[in-house]
Novice: 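Below is a structure I'd like to ask you about.
For reference, positions follow the sequence shown, starting with 1.
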Amino acid sequence: MSDSNITDFTNPSTFILLGIPGLEAAHVWISIPFCAMYSIAILGNFTILFIVKTEKSLHGPLYYFLCMLAVTDLVMSTSVLPKMLAIFWFNSREIHFSACLTQLYVFHCFSVMESGIFVAMAFDRYVAICDPLRHATRLTNPVVAKIGLAVVLRGGILILPFPLMLRQWSYCRTNIISQPYCSHMAMVNLACGNTQVSSSYGLFVQFSVMSLDVIFIVVSYTQILRAIFSLPTKDVQHKTFGTCNSHLCAILVFYIPGLFFSLIYRFQQNVPLHFNVLIANVYLLMPPMVNPIIYGVRTKQIRGRLLRLFTHKGT
């Protein structure tokens with residue numbers, strides 16, 4: 001019987017998600033802002049998809065990429081939030097090992113996809129501003145579809161080793177995960193034996209993807225700024241740069257908190273665990289909630305379509 005118990009613990013079939021460690025008594029109250037943020041994310045991203053689908057004037061590369069971003073945000077947030085809210089509301093903490101691996105794969109995969117979509121949008125802005133006469137011929141629908149496929153394949157292939165390596169480890173320390181969702185590093189920290197390969201690969205994916213994507217975005221915007229400053233008047237310069245504002249705001253919301261959270265999580269010293277978990281959860285929901293607001297408020301075509309939609313309903 002003791003051998004059976006050891007085997008069960010070494011290879012647990014379920015894991016326990018703690019939610020916000022140390023703040024269990026406040027889970028119901030903590031759930032209110034997270035539920036509100038998730039609701040805004042769902043409503044906002046579906047609104048973006050609906051507007052782009054119904055407004056033929058928005059059937060162009062930038063708005064196709066925006067739809068990809070909306071779908072990515074919906075999947076990424078939905079992979080985590082329903083289970084998180086179940087923990088907060090119903091104390092439903094158990095998660096099957098396979099479900100845990102699936103959750104972390106979907107979450108990390110779509111995070112990489114989102115970064116790739118920002119790169120694609122930067123390329124679109126580069127072509128539109130630096131080579132406007134060839135924008136329509138260079139970014140045709142088939143080209144946009146191929147870029148989207150490349151983004152999906154990159155995310156899927158890069159993250160696939162995560163669950164494959166995690167499935168090979170034994171977990172003899174504990175089956176308790178000190179956060180409300182499964183993530184790669186959280187699982188690596190529970191595994192026994194030498195997990196250096198898995199940890200190093202996770203670090204490689206994170207920094208290689210972020211570094212390469214950020215470098216590409218910076219190079220694109222360097223060329224964009226050079227093209228803008230060569231325009232004849234300040235008014236034209238301001239108007240041209242205004243087409244990039246939404247994209248730049250979304251990039252800052254995605255990359256800066258992500259880098260901040262990554263550094264805290266990997267090099268934490270004397271930082272309360274509940275603070276780390278709360279920061280991670282806010283980062284998880286911030287881009288899906290803020291992106292549709294940014295594009296809805298700052299993009300003239302989408303804002304105009306929204307106003308016409310509500311005006312029409314009002315009359």
Side-chain angles (χ1 to χ4, degrees), residues 61-62 64-73 75-76 79 104-131 135 138-139 143-166 183-185 188 196-227 244-267 280 283-284 286-288 290-291 294-295:
L62 177 62
Y64 291 149
F65 290 136
L66 181 56
C67 287
M68 295 179 196
L69 183 65
V71 171
T72 301
D73 283 338
V75 175
M76 190 166 63
S79 68
L104 71 86
Y105 175 75
V106 172
F107 169 67
H108 289 296
C109 178
F110 278 82
S111 295
V112 173
M113 289 183 196
E114 181 148 345
S115 183
I117 293 170
F118 283 128
V119 172
M121 297 174 84
F123 178 67
D124 170 80
R125 291 298 83 203
Y126 164 76
V127 176
I129 293 174
C130 298
D131 195 7
H135 182 253
R138 293 183 67 179
L139 283 174
V143 171
V144 171
K146 289 176 182 177
I147 292 174
L149 179 62
V151 168
V152 172
L153 289 176
R154 185 186 74 151
I157 292 172
L158 279 176
I159 302 301
L160 185 59
F162 281 9
L164 294 181
M165 286 190 286
L166 291 172
S183 65
H184 176 246
M185 282 307 301
V188 168
Q196 186 62 40
V197 173
S198 185
S199 180
S200 298
Y201 181 73
L203 197 62
F204 163 75
V205 169
Q206 185 168 24
F207 281 97
S208 65
V209 167
M210 289 187 67
S211 298
L212 291 175
D213 288 356
V214 168
I215 288 172
F216 189 93
I217 290 170
V218 169
V219 170
S220 297
Y221 271 96
T222 300
Q223 298 301 316
I224 287 171
L225 289 175
R226 289 179 59 185
C244 303
N245 285 343
S246 299
H247 184 231
L248 286 173
C249 291
I251 287 173
L252 294 176
V253 169
F254 180 76
Y255 285 108
I256 291 181
L259 179 61
F260 175 71
F261 164 65
S262 175
L263 293 175
I264 286 182
Y265 191 88
R266 291 183 180 274
F267 307 109
Y283 165 65
L284 173 70
M286 189 63 68
V290 172
N291 285 340
I294 291 173
Y295 281 97

Novice: Do other residues, nucleotides or ligands put more than 12 heavy atoms under 6.0 Å from the CZ atom of Arg226?
Specialist: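 Open.
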Novice: Taking all non-hydrogen atoms of both residues into account, name the closest pair between Pro61 and Val144 and its distance.
Specialist: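 Answer, listing the atom of Pro61 first, then Val144: CB-CG2, 3.9 Å.
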Novice: Can you tell if the side chain of Ser115 reaches within under 4.5 Å of the side chain of Tyr255, non-hydrogen atoms only?
Specialist: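 Contact flag for Ser115/Tyr255 side chains = yes.
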Novice: If the threshold is 4.0 Å, N to carboxylate O, is there a salt bridge linking Asp213 and Arg154?
Specialist: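 Salt bridge present between Asp213 and Arg154.
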Novice: Mind checking whether Tyr201 and Gln206 have side chains closer than 4.5 Å, heavy atoms only?
Specialist: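 Heavy-atom side-chain distance check fails, nothing below 4.5 Å.
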Novice: Quick check: does any side chain N or O of Ser211 sit under 3.5 Å from a backbone N or O of Ser208, one acting as donor and the other as acceptor?
Specialist: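 No: the side chain of Ser211 does not pair with the backbone of Ser208.
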Novice: Rounded to the nearest 0.5 Å, what's the gap from CG on Leu203 to OG on Ser198? Could you check?
Specialist: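 Answer for the CG-OG pair, Leu203 versus Ser198, is 11.5 Å.
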Novice: For the atom pair CE (Met185) and CG (Leu104), what is the distance rounded to the nearest 0.5 Å?
Specialist: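 Result: 12.0 Å between the selected atoms.
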Novice: Would you call Phe110 and Ile159 a side-chain contact if the rule is heavy atoms closer than 4.5 Å?
Specialist: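 When only atoms from C-beta onward are counted, Ile159 and Phe110 do not touch, as no gap falls below 4.5 Å.
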Novice: Under the side-chain contact (heavy atoms from CB on, under 4.5 Å) criterion, do Ile147 and Leu139 qualify, and how do the steps go?
Specialist: CA-CA 10 Å; Ile147 292 174; Leu139 283 174; 4.0 Å; yes
Novice: With a 4.5 Å cut-off on side-chain heavy atoms, are Phe216 and Leu212 touching?
Specialist: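 The answer is no; the side chains never approach within 4.5 Å.
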Novice: Between Ala227 and Cys130, which heavy-atom pair has the shortest distance, and what is it?
Specialist: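 The pair with the smallest heavy-atom distance is CB-SG, 3.8 Å.
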Novice: Which atom pair, heavy atoms only, marks the closest approach of Gly155 to Val112?
Specialist: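 So the two residues come closest at CA-CG1, 3.8 Å.
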Novice: Can you find a heavy atom in the side chain of His135 that is under 4.5 Å from one in the side chain of Asp124?
Specialist: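 Heavy-atom side-chain distance check passes, below 4.5 Å.
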Novice: Any luck finding a side-chain donor-acceptor pair between His184 and Ser199 under 3.5 Å?
Specialist: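 Their side chains do not contain a donor-acceptor pair, so the 3.5 Å distance test is not met.
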Novice: Using a 4.5 Å cut-off on heavy atoms from C-beta on, say whether the side chain of Arg125 contacts that of Leu62.
Specialist: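 They are in side-chain contact.
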Novice: State which residues pass side chain to side chain donor-acceptor pair (under 3.5 Å) with Tyr126; sequence neighbours excluded, sorted by chain then number.
Specialist: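 Testing Tyr126 for side chain to side chain donor-acceptor pair (under 3.5 Å), a comparison that skips the adjacent residues, returns none.
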Novice: CG of Leu284 to CZ of Phe107: how many Å apart, nearest 0.5 Å?
Specialist: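 It is 5.0 Å, given to the nearest 0.5 Å.
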Novice: Could you give the distance from CE (Met113) to CG (Leu158), rounded to the nearest 0.5 Å?
Specialist: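 Atom-to-atom, Met113:CE and Leu158:CG are 10.5 Å apart.
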Novice: With a 6.0 Å cut-off on the ring centroids, do Phe118 and Phe254 count as close?
Specialist: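 Close enough - the centres of the two rings lie under 6.0 Å apart.
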Novice: Answer yes or no: is there a side-chain heavy-atom contact under 4.5 Å between Phe162 and Val188?
Specialist: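 Phe162 vs Val188: side chains apart.
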Novice: About how many Å separate CG of Asp73 and CG of Asn291, when rounded to the nearest 0.5 Å?
Specialist: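 Atom-to-atom, Asn291:CG and Asp73:CG are 5.0 Å apart.
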Novice: Kindly compute the distance separating SG (Cys244) from OH (Tyr221), expressed to the nearest 0.5 Å.
Specialist: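 Output value for this atom pair is 4.0 Å.
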